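Predicted model, so just to flag it, every value in this text is computed and none were measured. By convention in this document, chain letters (A, B, ...) are assigned in the order of the sequence lines, proteins followed by strands, and residues within each chain are numbered from 1. Just so it is clear, the values below take in all heavy atoms, side chains as well, and ignore hydrogens, waters and symmetry mates.
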2 protein chains.
Amino acid sequence: MAQPASVATIDRNSGAVPSTGRAARQAIRRREWSGPTSGLAPGYVQGNLAILPGSLASDFMRFCQLNPKPCPLLAVGAPGDWRLPTLGDDLDIRTDLCRYKVFRNGEMVDEPTDITKHWRDDLVIFALGCSFSFEDALMQDGIELRHITNGSTVPMYRTSIETTPAGPFHGPLVVSMRPLTPADAIRAVQITTRFPAVHGAPVHLGMPELIGIKDIMKPDYGDPAQINADEMPVFWACGVTPQSVVATVKPEFCITHYPGCMLVTDRKNSEFAIM
Amino acid sequence: MAQPASVATIDRNSGAVPSTGRAARQAIRRREWSGPTSGLAPGYVQGNLAILPGSLASDFMRFCQLNPKPCPLLAVGAPGDWRLPTLGDDLDIRTDLCRYKVFRNGEMVDEPTDITKHWRDDLVIFALGCSFSFEDALMQDGIELRHITNGSTVPMYRTSIETTPAGPFHGPLVVSMRPLTPADAIRAVQITTRFPAVHGAPVHLGMPELIGIKDIMKPDYGDPAQINADEMPVFWACGVTPQSVVATVKPEFCITHYPGCMLVTDRKNSEFAIM
């Protein structure tokens, strides 16, 4: 698998960070940006990526439509088409992410920076909303997000809440957790309700035991986050849900984004606010 | 003080309950309805009433504007005017409530069913939103409200949160509490956010100790409400706040509605939804 001989990483402090979704994709495509996309093109929607064979596509699409909170569909490609014009005129899914994961029969077989050679005529792209968008809105309102303050990964938990199955796709809802004061929790419900296309309102708050979380300091994914005495855990449906559901199915072939290396689009977060 | 010789009470089960705000006020004015207004004219906004001398009116109005969550102003009368045309063409505040309380220097001196003889040229009417409106929206969404299920009064608490003072008006925020599951609490934030003119979103949830409530089963007003193991207390700013604030000031003269005997208006709850 071709890895670039050298990946020029733009110095994030130099002011040369691409500031639009299009500029970000072009920098990635030209191998001028290789790192995680957090902080890239501020204000632009970033998405989770899943690419599946046509034989699974309609079941997976139905799964997303049945489970819109963990699987908010931003766009679905036509079979074999590597473009997603509603998310970017020039978008080419084969080259526009920093890094991918390629799976065969549930096993990871490659972590390329380009999937041109893996492309097939029956592949269908699924771009799903991600928490970056609503976190941006929360921070703009002055709400502190602990994992961002700490530079850690948001804690995520498999819950006792089952997703609604479709075809072979089924499994538990995975949630991310952000500790907030009650007043900030109420404000966060209001703010994230405005963004149904990027996970929307929390699914739960307080009382983690009610959704099958035994030890809040032992997340299933990500890093633990300190909850202060005046805070409660607030839980949002998480984009790891479809990833874990797809992994369970062990599809014959599948490509996803590499963790932290999201699809950067031309759509602005604010466009996805319903009011 | 003139009490009606006989008050004809409409049988609530006969189907003769006035179904519009106007019909309700007319039935009250004609002494055909003397009971509490809960359940009367479903869908129409009911309000808390405070009538103050002109000398206090501008400070009280400022207090309401500084504290919109506990004191959501529906309408303010002109000095000496007993009408509130924005809430009802034919509304006459002197006759249109079932019962009033009249205070002199903070002491209750009368509980009349008509305040015509108490009227003064300097009196200013304040009509404030009440929780009936948002409770109607919550119940329409299928959310169970414990105090309504139990036929009891919602539990209310003086909190450690201070209102923003204006002139002589100051005092603690009073909140009402409804036990809800986390999922219903999130939904209730969404629904009541749509109604800022009738207390709006909760001010707090979970952790009553953070707002100075020592024993959730010992409310300062109303009846205790059972909180089940899968529920949390959700707190809304309460219209008892301005009543308790006014009582503290012991105004030379003041009239309020009698508990449960609200002002029924021609405005529909749905008109007050901001979206």
Participant: Under 4.5 Å heavy-atom distance to chain B, tell me which part of A/Met232 shows up: side chain, backbone, both or neither.
Facilitator: both
Participant: Suppose we screen for ring-ring contact (aromatic ring centres under 6.0 Å, His included). Which residues come up paired with B/His199, at least two apart in sequence or across chains?
Facilitator: none
Participant: If we define contacts as heavy-atom pairs under 4.5 Å, which of B/Ala185, B/Pro202, B/Ala229, B/Ala183 has the most with chain A?
Facilitator: B/Pro202
Participant: For B/Pro182, which of A/Ile211, A/Val234, A/Leu210 qualifies under side chain to side chain contact (heavy atoms under 4.5 Å, CB included)?
Facilitator: A/Leu210
Participant: Tabulate, in ascending numerical order, the residues of residues 142-158 of chain B having at least one heavy atom closer than 4.5 Å to a heavy atom of chain A, or enter 'none'.
Facilitator: none
Participant: Can you confirm whether B/Tyr258 is buried at OH, in the sense that more than 12 heavy atoms of other residues, nucleotides or ligands lie under 6.0 Å from that atom?
Facilitator: no
Participant: Determine the minimum heavy-atom distance between B/Gln190 and A/Thr193, stating which atoms define it.
Facilitator: NE2-OG1, 2.8 Å
Participant: Can you pull out the residues in residues 56-77 of chain B with any heavy atom less than 4.5 Å from chain A?
Facilitator: none
Participant: For a quick test of reading the model, state the closest non-hydrogen atom pair linking A/Ile186 to B/Val189 and the distance between them.
Facilitator: O-CG1, 3.8 Å
Participant: Could you list all the side chain to side chain donor-acceptor pair (under 3.5 Å) pairs where at least one residue sits in residues 170-183 of chain A, not counting sequence neighbours?
Facilitator: A/Glu135-A/Arg178, A/Ser176-A/Arg178
